[in-house]
Every structure is written in structure tokens, then in C-alpha cells.
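Let me begin by presenting the structure, written as C-alpha cells, before commenting on it.
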Amino acid sequence: MVVQDLAQLEGFTTQCMGNGSQQIQDAYTGDLLSDVMGNAPAESVLITIQAHKNTVAVASLAGIRALVICNNRSIPSDMLQAAEDEEIAIFTTAETQFEASCRIAAALGRINAGKA
Amino acid sequence: MQEIPINTITSPNVILELIYRLKVKDVMTTDLVTAGKETTLRQIQYIMREKQVTGLPIVVGKRLIGIVSMDDIIQALDKGYIEEKAQDHMTRNLIVLEDDMPISFAISYFDRFSYHRFPVLNKHKELVGMITSRDITSTLLVEINREIEELEKRTRTTSLSEEMSGEIHTYTIMKNDFENAGYASTEIKKRLKSAGIAPHIIRRAAIASYELEMNLVVHSDGGELIAEYSPQTMQITARDSGPGISDVEAALTPGWSTASEWIRSLGFGAGMGLPNVRSVADDFTIESNRNGTTVVCTIELHPKQEER
């Protein structure tokens, strides 16, 4: 799928679209940025509650193309600005990281990934 | 052993990888036009003309029972049984391919048999597609195009990285300056990108420089990050003036952290910093005492073995 497909997912609100036509191949869930940095795959979407400017920096450096901020956490304006500068998409949702991850796994066609 | 029309020993690796990596299912047409066994050959003739196909699989459910080809239709017209049913005149002795086979199989089948198309079955023996040599040609063309582009980019890269050879950039990093944290790493990333370095190498350099930069912000009394570029490698040095790491071995253990609650609330202090740097670096050294810590990591810009 591509970045803008995330906007269509139920309960997701677009805060910033980044580059909507970029491919999303994979996803990673985590709140510890260093863990994200070391383990998140490139061309991915990050599911997190870490609504902070540094999340955008990590995303940009690790090749993450979109952030899904869970639990209705609000996005600070400097984070939004950084995301616009770096062309990283941000979506917010009321769902937990687990719920949002399941939704994205389904959208990526990875719901059976555990078996593979 | 099936024959394929190229030499599998001396051909370029990229081509060989392609014909083994690509599977029949990546190439086949899945938009199928089929007919039932009761369909008359006349009706099949109309379907063929309308859908512009030259062979029609005859199915019961998802099970393939035969094929009616253009030749069969010509025979039927010639011999006068065009109004009869498919099941009485279809070709039943079928050669099929499996969707998981590499396309090298398909290529060799087209070489060995005179058919223009092969039905493709999945492992449940259900009809899932049809493959023609045209499908193979066009997919191969697209894939070869992509591979060549990649190769050209890589050749260009080598000469581009010459241009930044000898460059040294030093960035001063202040203690607890979260506002500007990531600036140096972003600059390093941009520099490599403009030199056309491969994305997965840039990612490694970005991870190493960001972790080192954050370490200076979070743990040191302040220091500097130095990026040095040479044609084949880049070296990132993080140097600070204290307070030093009490247990360097422990600091290299994933999960070990001395970060405060506040730092952790910002998403840092997972104890993955130095382990991350070490895992992405081709060479890594660390020295620490109470007067300061120096970490040097080297990343090869053009590794021979592509690892991702």
C-alpha cells in the first residue's frame, strides 16, 4: 500500500500527509526510539504513542514514511512542522498501539504473517 | 534437466537470479477467461474473438479439465462439428505449470513444447492463471530495466563518492540540547544522499550517527561529532569531555541503561544506543575514562556483498 491509504483506515485522522504516494512495505510498533532506530524496517509505518519531534527525526533517519500516533495523543506543533519539512506523514487514532497494529497488519495483508 | 536458451554458467548473475527469483505467479495473467464443458465450440469461437485470446481453459469450478485452442476451432470448422460441446473435442492431455515454479521452468517449457500458453495451477490443483511467452517477455523487460538502472546507479555512485573524499565536518553537540538533537545526523544523511550512496548504506550511517549524537546529548557534558568521508568509507567519531562510562562492557549490552525517567519519557534510554551503533558499523572502537569517551565507527560505502 501507499502512505495515503493509511488515511482511509477506520478511526485514523490525517495530521500531515507527507508524500502520500510513497510505498509502505512494512510496519513497526514501539515507543523506545532507539529500539525503533535499530529495528524498524525502511519504507515502513511506525505505530507509537511517542508524540514528539524526535520521533520525526528518527523516522526520517530510519526511512520510516509514516507515523501513527495512538491513544489520541496530541501532536505538538514543532513535531508537525518537522514532519512537514521531512515529508513524513502523521496520522492519529484513539486506538491503542495493539489495535492500530492489527488494523495495519490487515491492510498490509500480513494478518497471517505469524504463520509464515 | 530442462533446457533454457542461455548458458547458466557464464551468464551474468543478475539475469540468472532474475529467472530463478521470478515465479510463474509473478508473470502469469490472473484475469482469466474460461468456459464450461457444456459450452459449444461456436460460443468459444465468439469468446475468443471478443476477448482476443487464442486458447480457452475449460473448467468445472476451479478444476481445469481441458483447453480449446484456436487450432481446435479451425479443425471444428473444417470438419463441421463447431456446434458441438467443448467436452467432446477439447484437448485433455494438458501440460500445466505450478504457480510457485521459477520462470526458468516456463521458459524451458515453451522451448520444449509447441504450445503457446500453459495453464497455471496452485498447490491445490486449482486453475489460477495462464502464462504466455508474451507475459514472460514483458515482465522480464521490466525487471531487466530495473536491474540495469540499479547497476548504472551503483557505477555512478563510485565516482560521486570520490568528490566528497577528504571532507571533514565537525558538529558541536551540547548537553541536554534536545531542540537541535538530530541536526548533525540529518546533515550527514543529506551529504551521503547527495553523493548518491545506496539507501541501505545511508540508513546505517544515519542510525550510527543519530545514536552517537543522542548519546552526547543525553549522557555527556557536551562534545563533538566528526564525519570524515573517503572514497570507500565514512568514519563517524563521537568525542566528549566526560564524565566517562563506568562500565563499557555493560554499555555495549542491549538494554543496559543509566538514563533518567525524564529521558526515558522522551523515548530515549532504551539501552540500545551503542549496541545499535556497533551492529550497523563495519568497524567499531570505544575508549572511555573519566576525562571523556571516544567512539569511532566506520561504515563502508560500497560493500561488495550487498547486505540489507
Side-chain angles (χ1 to χ4, degrees), chain A residues 19 22-26 28-44 46-65 67-71 73-88 90 97 109 112 115-116, chain B residues 176-193 197-215 217-219 236 251-252 254-259 262-281 308:
Chain A
N19 183 346
Q22 282 187 313
Q23 282 286 330
I24 296 281
Q25 310 278 12
D26 211 338
Y28 196 78
T29 306
D31 302 322
L32 290 166
L33 296 183
S34 212
D35 166 63
V36 170
M37 193 65 162
N39 297 315
E43 303 182 359
S44 62
L46 173 67
I47 300 118
T48 186
I49 54 165
Q50 204 61 250
H52 191 279
K53 186 181 159 189
N54 286 325
T55 315
V56 175
V58 166
S60 161
L61 293 165
I64 294 165
R65 291 173 168 171
L67 308 174
V68 174
I69 308 292
C70 300
N71 289 354
R73 297 219 173 185
S74 60
I75 310 298
S77 59
D78 62 346
M79 180 186 188
L80 205 55
Q81 185 58 50
E84 272 162 15
D85 294 346
E86 297 291 329
E87 291 201 326
I88 309 278
I90 301 183
Q97 296 100 300
N112 288 323
K115 293 179 195 164
Chain B
N176 286 341
D177 180 12
F178 284 94
E179 193 49 38
N180 293 306
Y183 171 78
S185 322
T186 308
E187 288 295 304
I188 289 171
K189 183 186 167 189
K190 280 184 195 156
R191 187 67 195 93
L192 292 172
K193 199 172 176 186
I197 302 298
H200 68 285
I201 301 293
I202 297 182
R203 187 175 134 92
R204 287 168 53 188
I207 289 173
S209 60
Y210 186 75
E211 294 291 5
L212 292 172
E213 188 178 359
M214 290 316 297
N215 274 352
V217 171
V218 172
H219 298 292
I236 305 166
L252 289 169
W256 189 86
S257 177
T258 57
W262 178 65
I263 300 289
R264 286 168 191 259
S265 74
L266 292 174
F268 299 102
M272 292 304 297
L274 288 173
N276 277 352
V277 178
R278 185 154 69 168
S279 76
V280 298
R308 282 167 199 249

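Proteins get letters first, then strands, A, B, ... in listed order; numbering begins at 1 in each.
Comparing A:T55, A:V58, A:N54 by how many heavy-atom pairs each has under 4.5 Å with chain B, the most go to A:N54. Of the listed residues (A:G63, A:G30, A:A42, A:A57), the greatest number of heavy-atom pairs within a distance under 4.5 Å of chain B belongs to A:A42.
Using modelled atom types, one side-chain atom of B:N276 and one backbone atom of A:S34 make a donor-acceptor pair closer than 3.5 Å. No donor-acceptor distance shorter than 3.5 angstrom exists from the side chain of B:K189 to the backbone of A:A62, with no hydrogens or angles considered.
For A:D85, the side-chain contact (heavy atoms from CB on, under 4.5 Å) criterion is met by A:Q81, not counting sequence neighbours.
Residue contact with chain A, scored on non-hydrogen atoms closer than 4.5 Å, involves the backbone and the side chain of B:F178 alike. Neither the backbone nor the side chain of B:S279 comes within less than 4.5 Å of any heavy atom of chain A. For A:D31, the part lying near chain B is the backbone, with the side chain staying farther off; criterion is any non-hydrogen pair under 4.5 Å. Neither the backbone nor the side chain of A:A51 comes within contact range of chain B, judged by heavy atoms closer than 4.5 Å.
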request  = Kindly indicate, with the supporting measurements, whether the criterion side-chain contact (heavy atoms from CB on, under 4.5 Å) is fulfilled by A:E86 and B:T186.
outcome  = CA-CA 10 Å; A:E86 297 291 329; B:T186 308; 4.1 Å; yes

query = When you look at A:M37 and B:E211, which way does the side-chain contact (heavy atoms from CB on, under 4.5 Å) test go after all the steps?
reply = CA-CA 8 Å; A:M37 193 65 162; B:E211 294 291 5; 3.5 Å; yes

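From A:L61, atom CG reaches atom CZ of B:R203 across 10.5 Å, with rounding to the nearest 0.5 Å.
The environment of OH in B:Y183 is sparse: at most 12 heavy-atom neighbours from other residues, nucleotides or ligands sit within 6.0 Å.
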